[in-house]
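Single-structure report; data block below.
All heavy atoms count here, side chains included; hydrogens, waters and symmetry mates do not. Everything quoted here is computed from the prediction, not taken from an experiment.
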Number of protein chains: 2
Amino acid sequence: MIKRKAVKKSLECKVRITAITDTMQVLSGKWKIHILGTLLQGGKMRFMDLLREIDGIAAKMLSKELQDLEMNQLVTRTVVDTKPITVEYEVTEYGKTMEPIIDEIANWGVFYRNRLHGKD
Amino acid sequence: MIKRKAVKKSLECKVRITAITDTMQVLSGKWKIHILGTLLQGGKMRFMDLLREIDGIAAKMLSKELQDLEMNQLVTRTVVDTKPITVEYEVTEYGKTMEPIIDEIANWGVFYRNRLHGKD
DNA sequence: GAAACTAGTTTCCAATTGGTAACTAATGCA
DNA sequence: TGCATTAGTTACCAATTGGAAACTAGTTTC
């Protein structure tokens, strides 16, 4: 009983840390979760739809974040040959595996607000 | 069928966005999830324990992030009157409500790695 | 008396993030 | 002809983030 748990920084611990780092890197930045959340709710959406739907985002940011998400294969980008050309973004099947995370994050945020107000 | 879903930016949508923003603000920065994850696994831990356990973190960051977490009531800080004074950090009951989020994030990261390696 | 361990704090610096605004380029409409 | 809409891009700038290293300060051990 002198040294319980000497080797705490074990394999599973390192794997977990790496896993968390990976996920947070994929979701890095202020907007990716919002974009994914919006696309998960809205299905196929055009650039301008997203720009209008996501409050406060600038075209530059939306463009950059969508590129990141596309690179990570979480969303697809499809150019549609309409009169003024439009581009459709959609969450991939792979991207949909993010849904539990986003839901948990949204749930916690609601819980957090309720706690704040309940305590006032 | 001319304008389905005109009012997309509805109440529930705004609430969700606010909720996500709130959560991500509480978890902001590179380290908070790791600190919480480590404390959830390790129970009571001292400053130096955390510093050694969390690979790459500097004392300044650990200190600052712990203060943030304490302010948000996710962890408690207890000074223990040992020979060289020690400080114990522990996740609160409230902080434990973060566990589902952290688990989902860790799970996804593992899934992500597997997918990468499976595709090589 | 010097070194080491506790838990930090402080300073200084570099990189990243993100915002505004203007610009491109193609097409349609009045 | 000129304005609007589509989907961006570019340039510039400010704030935030985070890292390294040195420092404080009290106690204990050699």
### Task
Tell me which of A/Lys60 and A/Pro84 sits closer to the 5' end of DNA chain C, going by the nucleotide each one is nearest to.
A/Lys60

For [X] and [N], give me the distance from atom [atom1] to atom [atom2], rounded to whole Å.
X	N	atom1	atom2	result
A/Leu62	C/dG19	CG	P	12 Å
A/Lys83	D/dT5	NZ	P	15 Å
A/Asp49	D/dT6	CG	P	9 Å

#### Entry: Selection from D/dA7, C/dG18, C/dA7 that lies nearest to any side-chain heavy atom of B/Val87
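The answer is C/dA7.
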
### Query
Out of D/dT28, C/dG19, D/dG18, which nucleotide sits closest to the side chain of B/Met61?
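Among the listed nucleotides, the one closest to the side chain of B/Met61 is D/dG18.
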
Hey, is the side chain of [X] poking within less than 4.0 Å of OP1 or OP2 on [N], counting only N and O atoms?
X	N	value
A/Gln67	D/dT9	yes
A/Arg46	D/dG8	no
B/Arg52	C/dC5	no
A/Thr86	D/dT6	no

### Nearest heavy-atom neighbours spanning A/Ser28 and A/Glu65
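Closest heavy-atom pair between A/Ser28 and A/Glu65: O-OE2, 3.9 Å.
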
### Task
Please name the pair of heavy atoms, one in B/Lys96 and one in B/Val91, separated by the smallest distance, quoted to 0.1 Å.
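It is N-CG1, 3.5 Å.
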
### Query
Can you check whether A/Ala59's main-chain N or O pairs, donor with acceptor, with A/Ser63's side chain at less than 3.5 Å?
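No, A/Ser63 side chain to A/Ala59 backbone: no donor-acceptor pair under 3.5 Å.
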
Looking for any heavy atom pair under 4.0 Å, which part of the strands does [X] touch: base, sugar-phosphate only, or nothing?
X	value
B/Ala58	nothing
B/Gly29	sugar-phosphate
A/Lys64	nothing

### Message
Within the 4.5 Å heavy-atom criterion, are A/Phe47 and A/Leu66 side-chain neighbours or not?
### Response
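Counting from C-beta outward, A/Phe47 and A/Leu66 do come under 4.5 Å.
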
### Query
Is the closest side-chain heavy-atom distance between A/Ile35 and A/Ile54 below 4.5 Å?
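Contact flag for A/Ile35/A/Ile54 side chains = yes.
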
### Message
So, taking the atom named OG1 in A/Thr38 and the one named CE in A/Met45, what distance separates them when rounded to the nearest 0.5 Å?
### Response
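With rounding to 0.5 Å, OG1 (A/Thr38) is 6.5 Å from CE (A/Met45).
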
### Base-paired stems in DNA chain C, each at least three Watson-Crick or G-U pairs under 3.5 Å
C:1-30 with D:1-30

### Query
Is it true that B/Arg46 and B/Glu88 make a salt bridge, defined as a side-chain N closer than 4.0 Å to a carboxylate O?
no

